[in-house]
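Worksheet: the structure to be examined is printed underneath.
Every chain is numbered from 1, with letters handed out A, B, ... down the list of sequences.
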2 protein chains.
Amino acid sequence: MAITTPNRSESTSMPGALLTPGEVAAMFRVDPKTVTRWAQAGKLSAVRTLGGHRRFHENEVRQLLTGVPQQRSDV
Amino acid sequence: MAITTPNRSESTSMPGALLTPGEVAAMFRVDPKTVTRWAQAGKLSAVRTLGGHRRFHENEVRQLLTGVPQQRSDV
DNA sequence: TCCCATTCGGGTAATTGGGGTC
DNA sequence: TATGTCCCAATTACCCGAATGG
């Protein structure tokens, strides 16, 4: 069966597509460590692998990149 | 009785459905080899085919993906 | 039986996590 | 407060050839 993502950086527009910290960091032009801090600060939703590594939702990242009005619950 | 969905297809959402390493890898955005490693580490229950290939329980995978809140979500 | 993508194995680079500091 | 960089340990990704699945 040949379904879903091949491997590295190819998540087009699949529902539930995930990005690695390095990919998100490259998109924002920041250090992967910074992305990790965003996740720790709750600014980014993260899914953890069974080994503890983080995976981020592509839609969420793109939304933030595009400059879409972020929903701030506390201002 | 709870026949619910007589959809006798396959890769959808059937109780007790089995997933291939590639499918699980796509869901976690990791390499299929990593999924194999999880199975070897006992982090994932695996069923082996007669040829030695692994198959994983979809419900277990989904549970781990969501963060394992293991709760009857009836709220 | 053949075809071909996938999954075996192992082995070796690259990424990531976490703490701490500037 | 926010980001980048250092360290080390763990996890993950890519390499190969051979076997399995459908």
Phosphate-side-chain proximity, Thr36(B) and dT7(C), N/O vs OP1/OP2 below 4.0 Å: no
Atom-pair distance (CZ on Phe56(B); C1' on dT6(C)), nearest Å: 13 Å
Side chains of Trp38(B) and Val30(B) in contact at under 4.5 Å (non-hydrogen atoms): yes
Whole angstrom value for the distance that separates C1' of dT12(D) from CH2 of Trp38(B): 9 Å
Glu60(A) side chain to Ser45(A) backbone, donor-acceptor under 3.5 Å: yes
Pairwise 5' ranking along DNA chain C for Gln40(B) and Arg48(A), keeping only the more 5' one: Gln40(B)
Atom-pair distance (CD on Glu23(B); P on dG22(D)), nearest Å: 11 Å
Minimum-distance nucleotide (side-chain atoms of Pro21(B) versus dT16(C), dT7(C), dA13(D)): dT7(C)
Arg55(B) (side chain) and dG21(D) (base): donor-acceptor pair under 3.5 Å: no
Thr34(A) side chain near dA2(D) phosphate (N/O to OP1/OP2, under 4.0 Å): no
OP1 or OP2 of dA2(D) under 4.0 Å from side-chain N/O of Lys43(A): yes
Interatomic distance, Arg54(A) CZ vs dA10(D) C1' [rounded to whole Å]: 14 Å
Under 3.5 Å on both distances, the Watson-Crick or G-U partner of dC2(C): none
4.5 Å side-chain heavy-atom contact, Met27(B) and Arg62(B): yes
Leu50(B) CG - dA19(D) C1' separation (whole Å): 14 Å
Separation of atom NZ in Lys33(A) from atom P in dG19(C), rounded to whole Å: 10 Å
Nucleotide dG10(C), atom P - distance to CZ of Arg37(B) in whole Å: 13 Å
Separation of dC15(D) C1' from Asp31(B) CG (nearest whole Å): 11 Å
Closest contact, heavy atoms only, Arg48(A) versus Phe28(B): O-CE2, 4.1 Å
Sidechain-backbone polar pair: Arg55(A) side chain, Thr20(A) backbone, donor-acceptor under 3.5 Å: no
Below 4.0 Å: OP1/OP2 of dT15(C) and any side-chain N or O of Thr20(A): no
